[in-house]
Trainee: 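Below is one structure. I have some questions about it.
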2 protein chains.
Amino acid sequence: MTVSVDDFVKTIYKQSVLAKADTKLSTISGLLNVSNAATTDMARKLAQKGLVNYTKYKPLTLTNEGEKLALNVLRKHRLWETFLFQTLGLSLYEIHQEAENLEHFTSDFLAGKIEEYLGNPETTPQGAPIPSFNGQIHVDSSQLLLSEAEAGVTYEVSRLSGSEKDFLDFCRSNGITIGAEINIEKQYLSGKMTEITIDKSKILLHEDVANIIYVRRLVNH
Amino acid sequence: MTVSVDDFVKTIYKQSVLAKADTKLSTISGLLNVSNAATTDMARKLAQKGLVNYTKYKPLTLTNEGEKLALNVLRKHRLWETFLFQTLGLSLYEIHQEAENLEHFTSDFLAGKIEEYLGNPETTPQGAPIPSFNGQIHVDSSQLLLSEAEAGVTYEVSRLSGSEKDFLDFCRSNGITIGAEINIEKQYLSGKMTEITIDKSKILLHEDVANIIYVRRLVNH
DNA sequence: ACACAAATTTAAGTTTACTTAAATTTGCAG
DNA sequence: CTGCAAATTTAAGTAAACTTAAATTTGTGT
C-alpha cells in the first residue's frame, strides 16, 4: 500500500470513530489537505480495491478490509510513538511527527518485534489504545471526555487525544499528564467551558481542549 | 528529498567507493533496476539541483553536496541496522531489508537520538563504518579483502560487506562472523579462490564471497 | 414545491518517475 | 581512419496523485 492509501483510510477511520463526526467527502479532503476532486478520485480508486464503500454524493465509509488496513496503520503509528517515547526519550510532540513518517514503511514483522520489545503495551504514552495485529482495539468504556465529566467529582487523566505542539505544551505546563488527578469544579454552557482544579490551581478550559482529554472516575474519591 | 533521489546518490556513492568499479550510467541503471533513459533523466535533474556532475556520455559523479546527501542516507541506514540488530534482535539479513525502507523517512534529529542511544557506535554489526552527522566516515585502513589476504597468515573477520540472505546464511553457518579468526591456507589464481581454515575446518571460497569479506591482520599471530 | 447555495463530480491539465523505441554518439577493431 | 556495435540520449507515452475550473447534484428555506 502507498502512503496516500494508508493516510486516506486512516483519516476516514479516525473521523468515523469520532461518533458524531461525519465522513463527508469535504471533511476528509480538509483533513488530508487535498482538493475535493482528489478525494473523489481516491474514493473511486479504493472502492474498486474493496477498501472503501463509495456511492456518489454519499458519505465515505470503510469496508471491513479498509478498516483492517486503517487499524494496521494506526497500530504501527502507536507502536512507534510508544517506542520513541519510552526507549529513545523523544517528547510527546516529537513522537507524533516521526511516527507519522515511519508508520508507512514498517513491516508487520517489525511492528511485532517492537511490540514484543515493549512488553505488549495496551496504550501509547498519551493513553491511546494500540490495535493488535489482528485488528482488535481495546475500547476503554470507563473513560469519558473532560467536557462531559461531572462537576464535584475527581477523575484521573487517562488520555490526551491531540498531537498539536500547543496542546501538549499546554497540558504539560499545567500538570495535565496521564494519571494526574483532576477535580471538576463546574461545567459552563454544557461543556463549552470546563473549570477544573489540578495541583491546587484552578483552570478554565475551552471546549477545544476539554474535548480531547479523556478522564476516568477515581473509585476512592 | 525523495526516495528516488536518495537511492540515486546512494548508488553512485557506493559504486564510486568500490575503487575500480565504474559509475557508467548503465551500471547505475542496473543497480537501480530502471532503464537507462530513466537514469539519464534523473542525472540531468540532479545536476540541476547541484547533487550530480553530469556531462553527456560521461560517467556519473557526485558533487560535494551529493556526497554529503549520500553519506547522510547511508548513516541513517547503518544506524537503523545497528539498532534493529542490537536492540530489537533482528537477524543480519532482516535488518538490511527494514533499514532500506526506514532510512528515507528518518529525520536527522531521530538519527541523532538513535546514535546517542546506541552509544555512538563506529560500525554496524556487519562491521560497516557509520558516517557521522557531518559526513565523516572512518575508513579502517588496517583491513583488506579476504581475496587479497596473504597465505599462511591469521586474520580476524572485520566486515561482512554483503546483504544477500544466501551470503549471510553461508557466513553464519560456517562460523564466519565479526571477530572470528581465519587462517589463509592458499590463494588460487590471484584471489579467484581462497582456501581458509576456520574453527579447524577447511573451506574453499569463491571470489564472489572472498571479495566482500574484510579481514584485519592479527598482531599476536 | 421550487430556487438556489453548498457540496460533489467531471474535465482538463501538471509533476514525478518511470517505460519503450528510435536516433545519436562513442570508442574500438581491423 | 573507417565502420560498426555498444552505450547513451532523445522522443513519445504511461500511471499515480495531485491541481483548478466548470458542470452537476443535493438538500434546505420559505
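Here is how names work: the chains are called A, B, and so on, in the same order as the sequence lines, proteins then strands, and each is numbered from 1.
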Trainee: Rounded off to whole Å, could you give me the CE-to-C1' distance for the B:M1 and C:dA17 pair?
Mentor: 16 Å

Trainee: Any salt bridge linking B:K192 with B:E207? Criterion: basic side-chain nitrogen under 4.0 Å from a carboxylate oxygen.
Mentor: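 Looking at B:E207 together with B:K192, the answer is yes, because their closest N to O distance falls below 4.0 Å.
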
Trainee: Side chain of A:A37 only, please: which of C:dC18, C:dA17, C:dA11 is the nearest?
Mentor: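 Output: C:dA11.
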
Trainee: Between A:Y54 and C:dT8, does any side-chain N or O lie under 4.0 Å from OP1 or OP2?
Mentor: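 It does not, given that no N or O in the side chain of A:Y54 lies less than 4.0 Å from OP1 or OP2 of C:dT8.
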
Trainee: Please list, pair by pair, any protein nitrogen or oxygen found under 3.5 Å from a nitrogen or oxygen in nucleotides 23-26 of chain C.
Mentor:
{"residue": "C:dT25", "atom": "O4'", "partner": "B:Y57", "partner atom": "OH", "Å": "3.1"}

Trainee: Starting at the 5' end of DNA chain D and moving along, which residue's nearest nucleotide shows up first, A:M42 or B:D41?
Mentor: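 It is B:D41, whose closest nucleotide lies nearer the 5' terminus.
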
Trainee: In whole angstrom, give the distance that lies between atom NZ of B:K24 and atom P of D:dT9.
Mentor: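 The distance from NZ of B:K24 to P of D:dT9 comes to 12 Å, rounded to the nearest Å.
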
Trainee: Is the distance from OP1 or OP2 of C:dA17 to the nearest side-chain N or O of B:T2 less than 4.0 Å?
Mentor: yes

Trainee: Distance alone, cut at 3.5 Å: any donor-acceptor contact between the side chains of A:S147 and A:N211?
Mentor: yes

Trainee: Would you mind checking if B:K113 and A:E94 are paired as a salt bridge, meaning a charged N to carboxylate O distance below 4.0 Å?
Mentor: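 A salt bridge is absent here (no side-chain N lies under 4.0 Å from a carboxylate O).
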
Trainee: Nearest-Å distance, CG (A:L25) to P (C:dT8)?
Mentor: 5 Å

Trainee: Kindly state whether the ring of B:F83 and the ring of A:F83 have centres lying under 6.0 angstrom apart.
Mentor: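 Centroid separation for B:F83 and A:F83: below 6.0 Å.
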
Trainee: What nucleotide, of C:dT19, D:dA16, D:dA7, holds the atom closest to the side chain of B:V34?
Mentor: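 Ranking C:dT19, D:dA16, D:dA7 by closest atom to the B:V34 side chain puts C:dT19 first.
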
Trainee: Between D:dT8 and B:T40, is there an OP1 or OP2 to side-chain N/O distance shorter than 4.0 Å?
Mentor: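 No, outside the criterion.
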
Trainee: Charged N to carboxylate O below 4.0 Å: is that the case for B:K10 and B:E103?
Mentor: yes

Trainee: Please tell me if A:S35 has a side-chain N or O lying less than 4.0 Å from either OP1 or OP2 of D:dT20.
Mentor: no

Trainee: How close or far is atom C1' of D:dT8 from atom CG of B:L60, stated in whole angstroms?
Mentor: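 Those two atoms, CG and C1', are 11 Å apart.
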
Trainee: Looking at A:D140 and A:R216, does any basic side-chain N land under 4.0 Å from a carboxylate oxygen?
Mentor: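 So A:D140 pairs with A:R216 through a salt bridge.
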
Trainee: Can you tell me how far P of C:dT16 sits from NZ of B:K45, to the nearest Å?
Mentor: 6 Å

Trainee: Figure out the CD1/C1' separation between B:I28 and D:dA7, and round it to whole Å.
Mentor: 14 Å

Trainee: Does D:dT8 have OP1 or OP2 sitting under 4.0 Å from an N or O in the side chain of B:S26?
Mentor: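 Result: yes.
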
Trainee: Do B:T27 and B:D22 have side-chain N/O donor and acceptor atoms under 3.5 Å apart?
Mentor: yes

Trainee: Mind checking A:D7 for me? I need base, sugar-phosphate or nothing, with any heavy atom below 4.0 Å counting as a touch.
Mentor: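 It contacts nothing in the nucleic acid.
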
Trainee: Please state how far atom NZ in A:K49 lies from atom P in D:dA15, giving the value in whole angstrom units.
Mentor: 14 Å

Trainee: Rounded to whole Å, how long is the line connecting atom NE2 of A:H104 with atom C1' of D:dA16?
Mentor: 16 Å

Trainee: Which of the following nucleotides, C:dT8, D:dC18, D:dT9, is nearest to the side chain of B:N36?
Mentor: D:dT9

Trainee: Just by distance, with hydrogens left out, do A:K76 and A:N72 show a side-chain donor and acceptor under 3.5 Å apart?
Mentor: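 The criterion, which ignores hydrogens and geometry beyond distance, is satisfied for A:N72 and A:K76.
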
